[in-house]
Amino acid sequence: MSDLAELIPNRFDYQTVCTELYAAWEADGCFRAEVNPHRKPFTIVIPPPNVTGALHLGHALNNTLQDIQIRWHRMRGFEALWMPGTDHAGIATQAVVERRLKELENKTRHDLGREKLVERIWQWKNESEIRILNQLRSMGCSCDWSRTRFTLDDICAKAVRTTFFDLFGKGLIFRGKRLVNWDTFLQTAVSDDEVFHEVVKGHFWHLKYPVIDPAVGEPTHVTIATTRPETMLGDTAVAVHPDPAAALDAVEKSLRIKLAAAPAKERPPLEQQLDELSARRETHLPLLKTLAAMAKRGARLRLPLLEREIRLVADVWAKPEMGSGCVKITPAHDPNDYEVALRCDLPMINILNVDGTLNTEAGKYQGLTVRKARQQIVEELEALGLVAEIEDRDIDLAHSDRSKTPIEPYLADQWFVKMDQLAQAAMNAVTDGRVKIIPERYAKGYLDWLGEKRDWPVGRQLWWGHQIPIWTRDCVEEAAAKAELARLSQLPDCSAGQIQFTLEAPAVIHVSVRDEGHPAEKMLESSGYVRQADVLDTWFSSALWPHSTLGWPNQTPELEYFYPTSSLITSRDIITLWVARMVLMGLNNVGEVPFKEVFIHPKILDGYGETMSKSKGNGVDPIDVIDKFGPDALRFGLCWLATDTQDVRMPVQFECPHCEAAVNQTKQNREQPTIECPSCNKLFSTQWAKSVEEKSYPKAPVTSERFDVARNFCNKLWNAARFVMINLEGFQPMQLDVLSLPLEDRWILSRLSTTTRLVSEAIGGYHFSEAARLAYDFAWDEFCSYYVEMAKPRLQDPKLKAATQQVLAHTLDQLLRILQPMIPFITEAIWQQLARFGKVRTLCGTPEQQKWLMKASWPTANTDHQDTQIEQQFSRFVAVLGALREIRSRQNLAPKEEVTFTVACDDATKSLLEPMEPFFKALARANCLGLGSNFAIPDMPAQLVVDGMEVTLDLGKFIDVEAEIERNEKLEQSLTKQITGKQAKLTNESFVSRAPAEVVEKERESLVALQQQLESVTTALTKLRRKNQ
RNA sequence: GGGCGAGUAGCUCAGUUGGUUAGAGCGCCACGUUUACACCGUGGAUGUCGGGGGUUCGAGUCCCUCCUCGCCCACCA
């Protein structure tokens, strides 16, 4: 025994063992999943991480939960496939590489050219992909690496190309002129999802545009207001409401309705608005009426500076209740103005170059940046006396999420996917339950978003991504286009289904080619067609992920077997961007939903409740946590925290590399390149260290104390296992008859069975935290604190030893299985060792021959072992034990001092407690002198009533009478108070008559118990007081 | 403006269909090295369950309302 104790270290050496275990699993093909008609498939596709950088704690959570599901199903006999891979993440990745290019070499992508830049991005991708996949391995993710995909690899590319060609042929892809969010730094359109708003200080300029040839009684100027005066260069009209009086009436009416319904508190502001409105009727309405009339007669204005004539138009977009009541119309740079331009048939003038400078349309301002132009224009207008007023104002300015630069709304040619039918199909899949979203509340956002059925702009003016497979030729004249279309339709490629084409009125022809590298591509290029330079939105390829990774469009056996996938586990922020699009593409391409369930897990927030992100500096690298706590603690900790309703709030600490002090990460220090440790006053560096000097300081890992629980738990498990193994010497398994085992054995087996069932239910229902807590409580409180402690005396007894060993080995074996999905490394390491000492760990029947725990079978809850009566009996033992310990502790008895005690109880309890006598001795150093009713009361008693049992300790020489009196007095008070409350309740007629009988009965019983307890406390007090005199 | 979620011990969170004296981990206090584990053991202290109102014999739990925080969507001349 002592040899073994030395052989097995009392700490799990995760640093070396985990890497070895992972390699051994992988070498043995444990992660592989194959088409296997004899098993049911269980499939999860990983939400492919972006190859922009490394994974953070959010990914760690996401992947831990997936791995738990995969490992659990694998043990349950499913053919479990976890499909791994990464996402090329178009804009994000190109932006990272371009930023580095700028920082390190001061070059732009244009200095490098398309081919060279793409080459650089591939390099970056290769590096970060290795890093990401290694992070996943370190975490223990059991992905089938032989199937690893990348959204830009050949297999995914084929799926993208096929999908595009198909949608194009169905008329669901088209080109249109639309306003896009233009990122002037990356020089690409970004989607609404990639835009964030930030309030900046700005101004509100009121400008005057002269009226050309005003008639008598007409104003000479029209005043408009803008936050962006430079856009006046692109103005093509000023709008006024066609019927300002009616519009004001409507506004007033709605205000009055609101006012009538509003509570008193909200009224004043509404009333003020009404007052302002009526004032406005006097100050503005006459003028607005005149202007509306002028608009109808076709009045024209002179756009200052450019001296261009523009129209005054009547349009409902102009709100008479706001500003001057007139609004400048800049169709090419404002979404609303664009709509006005369509309605009023206005010209649309784009004044910007792709880099955000002004173009030739800006006249003498050409080449200026927006900023410079604004300054100059305002100065010149002021000189002309055309600035009526300048207000200070906060402006909610749109910024590009990727480059952090302001967005310019910009009119450009864009490719769209028509969402109509596709979105409807995806909505139906959720409403009819083919796709179940868990928790259910997230279905609402999904449906609302799809319900808008907005066309999806899929083109990106980037170099990194799937190039749009369209060749375009502008035939200039309609007749020529018609002739060309006729020619195309005669081509063999056309009848072979290799090309499809559309006519964009009046004379632009778009042709799509089905297969990459098909001769038709060359043919088109030699006959005047030009390939679209744009690439596809990165979500286009990720939308295909569940089927493209399985080989679609080829009808592979994998696709047949593993699709639809079982479960998608992801974070809530991409429900629309990704989940919704996967559903619609899956339905379109394969005709079946991509997954049956979507589980949305909580987000990891920092100590301030903010989402973690690299740019904020509050991100945590899971590798730092693994280094400090081990991969199992990382996983178990995340699992423990992943509750059903709350996001995970996680304050994090730098760990000083010099003195290991924990330095809380704050808003102040989290963005600094170096930090001085408050404990040793030495400097360490952070992720922001850039300069050589900054980087010369050792980098502090960032971890969180929240992983302590999990680390401690792993250690507890390790040592419990160590105890079991140390005590398995000479273990000879036999066939055990559970029913004839002693109480404690039957109790732990019953608890094991219940725990097994509950953990299965929790994992199956995605209640990960609950699963962790159930296993934790069973392992720590029930197995370690009670069963193992009780096993100690039994192992000394030759008659009891064998059965005890067997139950210990069996329980540990089953516990390891239950924990394997959550903490695979340490459980596997223990299981491998356990197999050396106890080859057979079943209670009876044939043992399972399995090399690896991760491939072993999931335990089934043995209902024969479940015995609520045994569990209740055991809880009485625990109660007595607790009473003994409490008395010992409050009397401050040294652990070595033995005490004697008696328990007054009924006969049933007596026969139950009798066999437990040795355990009172072992666990509380207390010798039982008597159970039941016939025993002498000691001279110096300390009593406690629990569960109707009166535990009396003979304190003899040990007693601290004062302390005992004080404690009893306190207790007496509290009991009296409770009794009074209960009596009041029970004499309350309405309670007794209306509450269910069993509730009333329960109250009565508890009153009796309380009274009994009070009585014994009073008796004890009397005795103690007498003694004290 | 619309929607969703959260507010329970110093901190981070559980709390099942309303039902005895509201729980856990960490932290704190006291005692302790009893041959698995000090990443441990035993015991203890700590709560107007965000505020107010209502339903009910009974509310942390249900309803209304207010406050605070977070997230999503829409809009912003």
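Side chains included, hydrogens not; waters and symmetry mates left out as well; all remaining heavy atoms used. Chain letters run A, B, ... following the sequence lines, proteins first, then strands; residues in each count from 1.
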Point to revise | A/K603 side chain near B/G70 phosphate (N/O to OP1/OP2, under 4.0 Å) | key: no

**Study point:** Under the side-chain contact (heavy atoms from CB on, under 4.5 Å) test, residues paired with A/L641 that sit two or more places apart
**Key:** A/V648, A/M650, A/R706

Practice item. Using both distances under 3.5 Å as the test, list the Watson-Crick or G-U wobble partner of B/A74, or none. Key: none

Check your understanding: Is there a side-chain contact between A/L303 and A/M232, using heavy atoms and a 4.5 Å cut-off?
Key -> yes

Exercise for review: Could you tell me whether A/R711 contacts a base, only the sugar-phosphate backbone, or nothing, with contacts defined as non-hydrogen atoms closer than 4.0 Å?
Suggested key: base

**Study point:** Phosphate-side-chain proximity, A/N336 and B/C75, N/O vs OP1/OP2 below 4.0 Å
**Key:** no

Check your understanding: Which whole number of Å gives the distance between the P atom of B/G5 and that of B/C49?
Key -> 23 Å

Practice item. State whether A/F919 and A/K792 meet the cation-pi test: NZ (Lys) or CZ (Arg) under 6.0 Å from the six-membered ring centroid, and within 45° of the perpendicular axis. Key: no

Review point. Do A/E339 and A/W317 come within less than 4.5 Å of each other through their side chains, counting heavy atoms only?
Key: no

Check your understanding: How do A/V327 and A/F723 order along RNA chain B: which one's closest nucleotide is nearer the 5' end?
Key -> A/F723

Practice item. Give one of base, sugar-phosphate or nothing for A/W317, where a contact means two heavy atoms less than 4.0 Å apart. Key: sugar-phosphate

Check your understanding: Looking only at side-chain N and O atoms, does A/K716 come under 4.0 Å of OP1 or OP2 in B/G41?
Key -> yes

Review point. With a 4.0 Å cut-off on heavy atoms, is A/R228 in touch with a base, just the backbone sugar-phosphate, or nothing at all?
Key: nothing

Exercise for review: Find the partner of B/A22: check Watson-Crick (N1-N3 plus N6-O4 or O6-N4) and G-U wobble (N1-O2, O6-N3) distances, both under 3.5 Å, and reply none if neither fits.
Suggested key: none

Review point. Checking all strands, does A/W205 fall into the base, sugar-phosphate, or nothing category for heavy-atom contacts under 4.0 angstrom?
Key: nothing

Study note, to complete from the structure: Taking a pair to mean Watson-Crick or G-U wobble geometry with both distances below 3.5 Å, B/C28 pairs with B/G44

Check your understanding: Does the side chain of A/L717 come within less than 4.5 Å of A/L815's, by heavy atoms?
Key -> yes

Review point. Looking for any heavy atom pair under 4.0 Å, which part of the strands does A/C784 touch: base, sugar-phosphate only, or nothing?
Key: base

Practice item. Answer whether the closest heavy-atom distance between the side chains of A/I329 and A/D315 falls below 4.5 Å. Key: no

Check your understanding: Quick check: are there more than 12 heavy atoms from other residues, nucleotides or ligands sitting under 6.0 Å from CD of A/E389?
Key -> yes

Practice item. Mind calculating the distance between CG (A/D708) and C1' (B/A24) to the nearest angstrom? Key: 15 Å

Practice item. If a protein heavy atom is under 4.0 Å from the base, mark B; if only from the sugar-phosphate, S; if neither, -; do that for nucleotides 11-21 of chain B going 5' to 3'. Key: -SSS----BBB

Exercise for review: Name the nucleic acid region contacted by A/E789, choosing base, sugar-phosphate or nothing; use a 4.0 angstrom heavy-atom cut-off, strictly under.
Suggested key: base

**Study point:** Watson-Crick or G-U wobble mate for B/C69, both contacts under 3.5 Å
**Key:** B/G5

Check your understanding: B/G2 phosphate, OP1 or OP2: any side-chain N/O from A/W449 under 4.0 angstrom?
Key -> no

Review point. Below 4.0 angstrom from OP1 or OP2 of B/C40, is there any side-chain N or O of A/N715?
Key: no

**Study point:** Beyond-backbone contact of A/E782 with A/V788, side-chain heavy atoms, under 4.5 angstrom
**Key:** no

Review point. Given that A/K319 and A/D448 both sit by RNA chain B, which one's nearest nucleotide is further toward the 5' end?
Key: A/D448

Check your understanding: Which part of the nucleic acid, if any, lies within contact of A/S324, taking any heavy atom under 4.0 Å across all strands shown: a base, the sugar-phosphate backbone alone, or nothing?
Key -> nothing

Check your understanding: How would you label the contact of A/V724 with the nucleic acid (heavy atoms, under 4.0 Å): base, sugar-phosphate, or nothing?
Key -> nothing

Check your understanding: Expressed as a whole number of Å, how far does the C1' atom of B/C71 sit from that of B/U56?
Key -> 35 Å

Review point. Over how many whole Å does the gap from A/R888 atom CZ to B/G32 atom C1' extend?
Key: 11 Å

